[in-house]
2 protein chains.
Amino acid sequence: MKILGKNKCSVRDRLLKGASSLFSRKGYAATTVREIVAEAGVTKPVLYYYFKSKEGLYFTLMREGFSKLDELIRSVGGYEGNTREKLHRLCEQTFVLIQENVEIVRVMYSYYYGPRQGAPFFDFDAYHLKFIQTLRGIVAEGVRRKELVDANVEEMSWVILGTITLAMDLYLTHPEWKVDQEKLSRMVKLVLQGIGTIGGGRATNDQ
Amino acid sequence: MKILGKNKCSVRDRLLKGASSLFSRKGYAATTVREIVAEAGVTKPVLYYYFKSKEGLYFTLMREGFSKLDELIRSVGGYEGNTREKLHRLCEQTFVLIQENVEIVRVMYSYYYGPRQGAPFFDFDAYHLKFIQTLRGIVAEGVRRKELVDANVEEMSWVILGTITLAMDLYLTHPEWKVDQEKLSRMVKLVLQGIGTIGGGRATNDQ
DNA sequence: GTCTATATTGAGATAGAC
DNA sequence: GTCTATCTCAATATAGAC
């Protein structure tokens with residue numbers, strides 16, 4: 001492995017960066033190997049040397065992106081504090097991760113919701129499920145500790161998930177609205193405290 | 001216009017139905033006119049007779065789908081009852097609309113988040129914005145009436161929007177979880193009443 | 001090896017008969 | 001309104017000159 005100056009990117013990183021940008025803008029199928037190597041200022045064989053194929057590059061990109069999510073999920077086990085604090089921490093870390101990997105998130109999004117268009121299979125859903133399970137764990141513990149109301153754990157998790165997802169969504173589609181961690185944090189606070197004035201009774205599992 | 005038996009679909013409708021299914025599964029560009037007409041059991045000139053072009057068919061599909069959303073949004077003006085009831089009604093109507101137009105929603109999603117892939121421009125965002133404005137209107141009125149807490153109207157709207165969006169999301173990607181109006185309704189209830197137990201104080205605009 | 005000219009293909013679109 | 005048959009056009013593939 002070559003030693004690099006601190007501000008330089010390795011060729012491998014340049015290829016990954018350029019590819020993620022192209023994939024997110026044009027889609028996997030529409031992005032040619034030519035464009036990727038041109039973006040990185042190298043020639044085709046370099047790409048094949050590092051990644052074996054266009055598919056290999058794609059997998060590397062996704063694997064490296066989602067390994068950070070894995071790390072985040074593992075770190076949840078070590079969270080200290082009450083449920084409120086844990087939820088806020090999870091939301092914050094997740095949002096930071098998203099901000100740092102916008103392009104990979106875009107690729108994931110269009111794969112997840114749109115037609116596959118020749119993109120190799122990648123099990124995004126496994127990560128989605130893992131994330132939901134983690135969230136659910138925090139919520140279930142919160143209910144046991146009586147720090148959350150005794151309602152349906154799954155639905156409570158979904159409400160939190162919806163808030164995170166919407167923040168991500170708006171961040172991607174309306175950057176000019178400047179959705180950031182602070183706003184997400186206030187939104188989570190609203191979910192915890194309720195946006196209705198007292199009078200409707202507290203949420204319970206009575207249906 | 002031909003008179004049809006009550007259980008028969010007109011050719012025009014068959015073309016629209018087949019096209020929306022194909023567009024949602026394969027994407028606009030990857031769907032050929034041949035496939036669309038084959039699906040409807042007619043020949044190409046029929047498509048051109050009704051829609052002038054593939055683009056015309058696409059626009060008709062989107063326009064007809066989103067005109068229902070327009071109708072829904074207009075109907076909000078006539079909502080009766082308190083804010084809680086209005087929000088529940090909006091969520092319910094929106095979810096029903098989504099269920100009845102899954103394929104169009106899918107097409108919209110992949111256009112909105114993915115690369116355009118040759119699909120003609122359609123201003124989905126205008127509808128998105130209109131919807132948010134409507135939601136915001138209900139929330140703002142709720143705050144004035146003191147039926148909602150005096151917090152940031154935009155962020156409160158987003159939390160509700162996030163809940164609807166997540167329900168739609170799960171409905172699209174995990175039909176086996178059977179997210180339905182009842183679940184969405186309970187999720188909205190959770191947002192209104194808060195999932196945290198009392199002790200963290202009510203939400204306000206202190207910040 | 002590279003370049004240019006020429007197939008080939010498959011897409012969207014149309015004319016005119018019925 | 002619907003069909004058969006045909007057109008146009010662009011992208012790609014290939015042949016053959018250089």
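In what follows, every chain begins at residue 1, and chains take the letters A, B, ... in the order their sequences are listed.
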Legend entry - Watson-Crick or G-U stems of DNA chain D, 3 or more pairs, under 3.5 Å, by first number: C:1-18 with D:1-18

Inset, instruction - Return each pair, listed once, that meets salt bridge (charged side-chain N to carboxylate O under 4.0 Å, His left out) where at least one residue sits in residues 24-47 of chain A; pairs must be two or more places apart or across chains. - result: A/Lys26-A/Glu35

Inset, instruction - Applying ring pair (Phe, Tyr, Trp, His ring centres under 6.0 Å), name anything that partners B/Phe131, two or more places apart in sequence or on another chain. - result: none

Would you tabulate the pairs of protein nitrogen or oxygen atoms and nucleotide nitrogen or oxygen atoms of nucleotides 10-14 of chain C closer than 3.5 angstrom?
residue, atom, partner, partner atom, Å
C/dG12, OP1, B/Val33, N, 3.3
C/dG12, OP1, B/Lys54, NZ, 3.0
C/dG12, OP2, B/Val33, N, 2.8
C/dG12, N7, B/Lys44, NZ, 3.4
C/dA13, OP2, B/Tyr48, OH, 2.9
C/dA13, OP2, B/Lys54, N, 2.9
C/dA13, O5', B/Tyr48, OH, 3.4
C/dA13, N6, B/Lys44, NZ, 2.7

Inset, instruction - Not counting sequence neighbours, which residues clear ring pair (Phe, Tyr, Trp, His ring centres under 6.0 Å) with B/Tyr28? List them please. - result: B/Phe23, B/Tyr58

Inset, instruction - Just do the side-chain contact (heavy atoms from CB on, under 4.5 Å) check on A/Leu87 and A/Leu135 with the steps written out, would you? - result: CA-CA 8 Å; A/Leu87 288 173; A/Leu135 189 48; 3.8 Å; yes

Legend entry - With sequence neighbours excluded, residues passing side chain to side chain contact (heavy atoms under 4.5 Å, CB included) with B/Ala140: B/Arg144, B/Val153

Inset, instruction - Tell me, please, which residues at least two apart from B/Thr60 pass side chain to side chain contact (heavy atoms under 4.5 Å, CB included). - result: B/Arg12, B/Leu16, B/Phe51, B/Arg63, B/Glu64

Inset, instruction - Measure the distance from OH on B/Tyr49 to P on D/dT2 and round it to the nearest whole Å. - result: 8 Å

Inset, instruction - Under the side chain to side chain contact (heavy atoms under 4.5 Å, CB included) rule, collect the residues that match up with A/Tyr112, sequence neighbours excluded. - result: A/Phe124, A/Asp125, A/His128, B/Thr173, B/His174

Inset, instruction - Could I get the full list of side-chain hydrogen bond (donor to acceptor under 3.5 Å, both in side chains) partners for B/Tyr113, not counting sequence neighbours? - result: A/Asp169

